[in-house]
Amino acid sequence: MKNIFITMEGPDGAGKSTQIELLKKYFEGKDIEVVLTREPGGTRISEAVRAVILNKEYKEMDYKTELMLYTAARAQLVAEVIKPALLQGKAVICDRFVDSSAVYQGMGRGLGVEQVYKINEYALDGLKPILTILLDLDATEGIRRKKNQAELDRMEEESIDFHKKVVEGYRQLAELDKDRIYKIDATLPVEEIAKLIREEVDKRI
Ligand code: TMP
């Protein structure tokens, strides 16, 4: 069996957490041990970095600093959690990964996708997901769903134009890397999305 490293991507409010939980249960039903983690976060250090990144008071944060902080949180998560779990034969499902930086910082902030992947190479140390699931949802709907849930963080508070660039960015990435990125319409019923994900996962493992 291959190293099962799966990432879940999509704009804020697309329903990633629900699908991650359902996928975890699916793996457990197959007797595969699963590690769930999230970005930015998933380790003591990365969660501390997350608190800095998403703090609404840090309005002065430079975009390059933002990119570096996401990348630093990722380096720690890869080294401390993801690689060790894969080495022990566990499956790892990560809520967001490097593609989030590609679209939010590379496209949303305009730092450039190539540049973002280049900087991340150092943090990833050769690690690549076998599958990335993209829950595709229009920006306005995503933000509307989020507003109903909780107080918005520093990224979610960004303008609707920013979030539109993010959604467009994801769609472009999915077109460019069809082998790895599997795009699903996030407005479908939860169980239907879960079924599509299970079918795609089965093809890869
Ligand atoms: P979350 O709300 O999904 O936990 O993610 C926190 C926010 O950080 C979300 O708005 C997406 C954003 N983000 C980036 O801008 N770049 C990244 O590399 C990651 C992982 C998340």
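When a ligand or atom number is given, it counts from 1 through the structure's own listing order. A quick note: this is a predicted structure, and the numbers were derived from the prediction, not measured.
A salt bridge links K24 with E28: the closest approach of a Lys/Arg side-chain nitrogen to an acidic carboxylate oxygen falls below 4.0 angstrom. In summary, E156 and K56 do not engage in a salt bridge, as defined by a charged side-chain N under 4.0 Å from a carboxylate O. Between K30 and D202 there is a salt bridge, with a side-chain nitrogen of the basic residue lying less than 4.0 Å from a carboxylate oxygen of the acidic one. Salt-bridge annotation for R171 and D138: present, with a side-chain N of the basic residue lying under 4.0 Å from a carboxylate O of the acidic one.
Listed by atom number, the atoms of ligand 1 under 4.0 Å from S100 heavy atoms are 16 (N), 17 (C), 18 (O), 19 (C), 20 (C), 21 (C). Listed by atom number, the atoms of ligand 1 under 4.0 Å from E39 heavy atoms are 20 (C).
A 4.5 Å side-chain heavy-atom check between K128 and F5 finds every atom pair outside the cut-off.
Looking only at heavy atoms of the protein, atom 12 (C) of ligand 1 is closest to Y70 OH, 3.1 Å. S101 OG, 2.5 Å is the protein heavy atom nearest to atom 18 (O) of ligand 1. At the top of the distance list for atom 5 (O) of ligand 1, counting protein heavy atoms only, stands R96 NE, 3.4 Å.
Between the choices L67, D12, L152, I53, the shortest heavy-atom distance to atom 9 (C) of ligand 1 belongs to D12.
The shell of residues lying under 4.0 angstrom from ligand 1, judged by heavy atoms, includes R50.
Applying the side-chain hydrogen bond (donor to acceptor under 3.5 Å, both in side chains) test between Y104 and each of E158, H163, R96 identifies R96 as the sole match.
Contact annotation: for R38 versus ligand 1, there are no heavy atoms closer than 4.0 Å. Only the side chain of Q105 comes within 4.0 Å of ligand 1, counting heavy atoms alone; its backbone N, CA, C and O stay farther away.
The shortest N/O to N/O separation between R74 and ligand 1 falls below 3.5 Å.
Note on residues 38-71: no pairs pass ring-ring contact (aromatic ring centres under 6.0 Å, His included), not counting sequence neighbours.
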